[in-house]
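What you see is a predicted model, and the numbers here were worked out from it, not measured in a lab. Whatever order the structure lists ligands and atoms in, that order sets their numbers, starting from 1.
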Amino acid sequence: MLFRRRARMLRWLVCGRLGPVWMWKALLLFVAIGFAGQLLGVIFNKSSVQSAGRSIFSSPDAQGPSLGSCQPHTHIMFLKTHKTASSTVLNMLYRFGEERDLRFALPLGYQLGYPLPFNAHRVKGYRGPRAVEFHIMGNHMRFNKAETEKVMPADTFYFSIIRDPVALAESSFAYYKEVAPAFRKAKSLGDFADNPKKYYDPRLRNNHYARNLLWFDFGMDHNANFSVALAQRAEAMIRRTFKLILVSEYFDQSMILLRHALCWPLDAVVSFSLNARQQKPSVIGGVSGSWVGKAAAAAGVGGRVVRSQAKTLTNVTEEQREKLRQWNALDWHLYKSFNRTFWGEINRFGHAQMEQEVALLRMRREDLARVCLRDGGKPVESHRIRDKNIRPYQSGLVKILGYELQLGLDNATRTACLRMIRPEIQYKDVLDAKQFPRALAAQPQPGQQNQGLMVAAGGSLSRQDSSRTGERLVGGEAVGRTVEEGERDWDGSRLMRRNLTLIRGQEKGR
Ligand SMILES: Nc1ncnc2c1ncn2[C@@H]1O[C@H](COP(=O)(O)OS(=O)(=O)O)[C@@H](OP(=O)(O)O)[C@H]1O
């Protein structure tokens, strides 16, 4: 009796209160489907970077707004001025040329004879005026029109980039502190600005980094006294040759003008900023905008004393900024004048259209960063980059930042992303190896000769192949920085030992 009553209760519970069996089966089925969906979702998410990447470089967004029926320029000369974002621009040229198998007028080493005025024989593979068709030329040189014209075709598009001389001085001071005697002796940029003549000797090698560097790179006498007549003559000379002068402070607008001038797809001018100094806002004195004060973050360089000095290394007061403008009066004139021209171009282009295209460019950069870069695209210190082949070259008392590639990319996407972040020196090696496969066969593999930083102990280079990279001791001294003991590589291994000095590929930095 009791048993029957319990059985009835159970049936009521299952079929009445808890629903019929079929309902349970259906519920179980839903749960199973949901679980499988979740599982697939995880799998899908894991590969989303890859599948998004697979299409991103071939999506219609890569082309950008239509440019009409123009033909892309492929004969291009870029005068790579120093400390003006020129490495970021060169990276675009490298990418564009590599993707289309164009021929680069590459240097024998890493610069086209700089700081001597350019001579055509500095180009690897040069065999007399126009004997070889070179498409793109863009490594550091001191401009020399007659010699450049021997190398490049007559229909070449010449362009360059400038930067506010004060910001440029900050960047240059941080980067060439140990290379330019005038900077080496000064305690800080402010100290230098207060009395440049105390530190500056025009006869000393490498002091051009300390005065009118733009003017020097354009091939003119950077020690000449300023006069309006001289400045106007120089300006006219530049205008005759260079069809476009970009402005570093308006980099994105510059890219839009460049794309339209060259008739290039949008992706060709989308880039990640290369060669940036480490930025630590906490130590910046609020001096001159977002790019400024990066040198102040020279943490880890040369021990505590240098560390604290480095904080104020490039800090300058408003008065000192004005002094720097006067000291670099020739550059200041160029900057003001080509900045005016630049905004004239934007007026002609149309502000509304410029805004739209800049917005597209920025969106595209964000999309590519999401696909290509780790840590949301945040630039990282060189020693944290696991792939030693893409560590940026280091110079001066600051850290030059690079990027890490996203994991799990398919091959095509990885190749395209890698091109965007490959530092200048390594990229030149890659192109060199492609253009001169036999010449390089006997030498180290591309990129290998520049893996990270080079070590010298007691003033002697430990690398065997210093002739190719052009590393050398300057004035018999080891140039570089002593690394703080205990600084570690990304994998935790000790980066340097005490009393070892880092030597950079001197040719790159000088
Ligand atoms: N996209 C973009 N926009 C604005 N500024 C940029 C950009 N990319 C690089 N940079 C800054 O340019 C500085 C490096 O210049 P270069 O690459 O010309 O240096 S070099 O002469 O080749 O060593 C270096 O400046 P500092 O960081 O002030 O030293 C870079 O941060």
Side-chain angles (χ1 to χ4, degrees), residues 78-94 107 110-112 114-115 138-142 160-177 179-180 183 189 206 208-209 213-214 216-217 246-256 258 269-281 284 287-298 310 313-316 358 361-362 364-366 368-369 377-379 381 392-403 420-428 504-510:
F78 170 56
L79 177 64
K80 188 179 190 297
T81 47
H82 283 78
K83 311 318 298 173
T84 53
S86 64
S87 305
T88 307
V89 177
L90 183 61
N91 173 274
M92 296 176 210
L93 300 180
Y94 276 168
Y110 288 90
Q111 308 195 48
L112 292 158
Y114 194 86
N139 294 87
H140 282 305
M141 69 151 73
R142 186 170 185 207
S160 189
I161 182 163
I162 55 172
R163 186 177 186 184
D164 175 350
V166 176
L168 195 150
E170 287 160 351
S171 184
S172 179
F173 187 86
Y175 203 79
Y176 299 113
K177 175 86 175 86
V179 170
F183 285 160
L189 181 60
N206 289 329
H208 64 280
Y209 290 117
L213 183 50
L214 286 172
F216 181 88
D217 286 354
L246 309 175
V247 181
S248 176
E249 280 76 13
Y250 307 103
F251 193 84
D252 291 346
Q253 290 84 346
S254 293
M255 291 306 106
I256 300 302
L258 183 66
V269 297
V270 176
S271 60
F272 306 129
S273 297
L274 302 177
N275 228 2
R277 277 178 288 159
Q278 190 177 51
Q279 197 174 20
K280 292 235 174 102
I284 299 171
V287 186
S288 66
S290 60
W291 291 101
V292 179
K294 293 173 199 168
L313 198 65
T314 58
N315 263 1
V316 277
V358 164
L361 174 107
R362 289 179 180 162
R364 186 68 183 157
R365 180 161 52 220
E366 278 172 26
L368 292 183
K378 205 170 67 147
E381 289 169 44
Y393 165 87
Q394 302 293 304
S395 175
L397 295 178
V398 287
K399 291 181 177 176
I400 304 297
L401 305 176
Y403 297 95
M420 296 186 75
I421 61 168
R422 184 182 278 134
E424 181 184 337
I425 288 184
Q426 289 92 319
Y427 212 149
K428 185 258 160 185
R504 278 89 195 189
Q506 290 299 324
E507 197 190 340
K508 163 69 183 82
R510 311 173 64 230

Okay, side chain of S248, backbone of R163: is any donor-acceptor separation there less than 3.5 Å?
-> no
Side chain, backbone, both or neither: which part of E249 comes within less than 4.0 Å of ligand 1 when only heavy atoms are counted?
-> neither
Proximity winner for atom 28 (O) of ligand 1, if only heavy atoms of E424, R277, R365 are counted = R277
Looking at H140, which atoms of ligand 1 are within less than 4.0 Å of one of its heavy atoms?
-> 20 (S), 21 (O), 22 (O)
The reported gap from NE2 in H82 to CG in L214 (rounded to nearest 0.5 angstrom) is 11.0 Å
Indicate yes or no for a side-chain donor-acceptor contact from T81 to the backbone of I161 under 3.5 Å, with no hydrogens or angles considered.
-> yes
For A85 and ligand 1, does the shortest N/O to N/O distance drop below 3.5 Å?
-> yes
Exercise: do Y114 and D217 side chains pair donor with acceptor under 3.5 Å = yes
Does some side-chain heavy atom of E424 sit less than 4.5 Å from a side-chain heavy atom of P392?
-> no
Which atoms of ligand 1 are found less than 4.0 Å from any heavy atom of A276?
-> 27 (O), 30 (C), 31 (O)
So is T81 close enough to ligand 1, meaning a heavy atom under 4.0 angstrom away?
-> yes
Below 4.0 angstrom from a heavy atom of S171, which ligand 1 atoms are there? Numbered from 1 as shown, please.
-> 25 (O), 26 (P), 28 (O), 29 (O)
By side chain to side chain contact (heavy atoms under 4.5 Å, CB included), which residues pair with K177, not counting sequence neighbours?
-> F173, L313, L397
Are any of the N or O atoms of K83 closer than 3.5 Å to those of ligand 1?
-> yes
Would you check whether E170 reaches within less than 4.0 Å of ligand 1, judged by its heavy atoms?
-> no
Ring pair (Phe, Tyr, Trp, His ring centres under 6.0 Å) partner of H208, the single match among F183, Y176, F216 = F216
Within the 4.0 Å heavy-atom cut-off, what L274 brings close to ligand 1 is backbone
Hey, which atoms in ligand 1 end up nearer than 4.0 Å to a heavy atom of T84?
-> 15 (O), 16 (P), 18 (O)
Find all atoms of ligand 1 within a distance of less than 4.0 Å from any non-hydrogen atom belonging to H82, and give their numbers and elements.
-> 21 (O)
Main-chain N/O of I162 paired with T84 side-chain donor or acceptor, under 3.5 Å | no
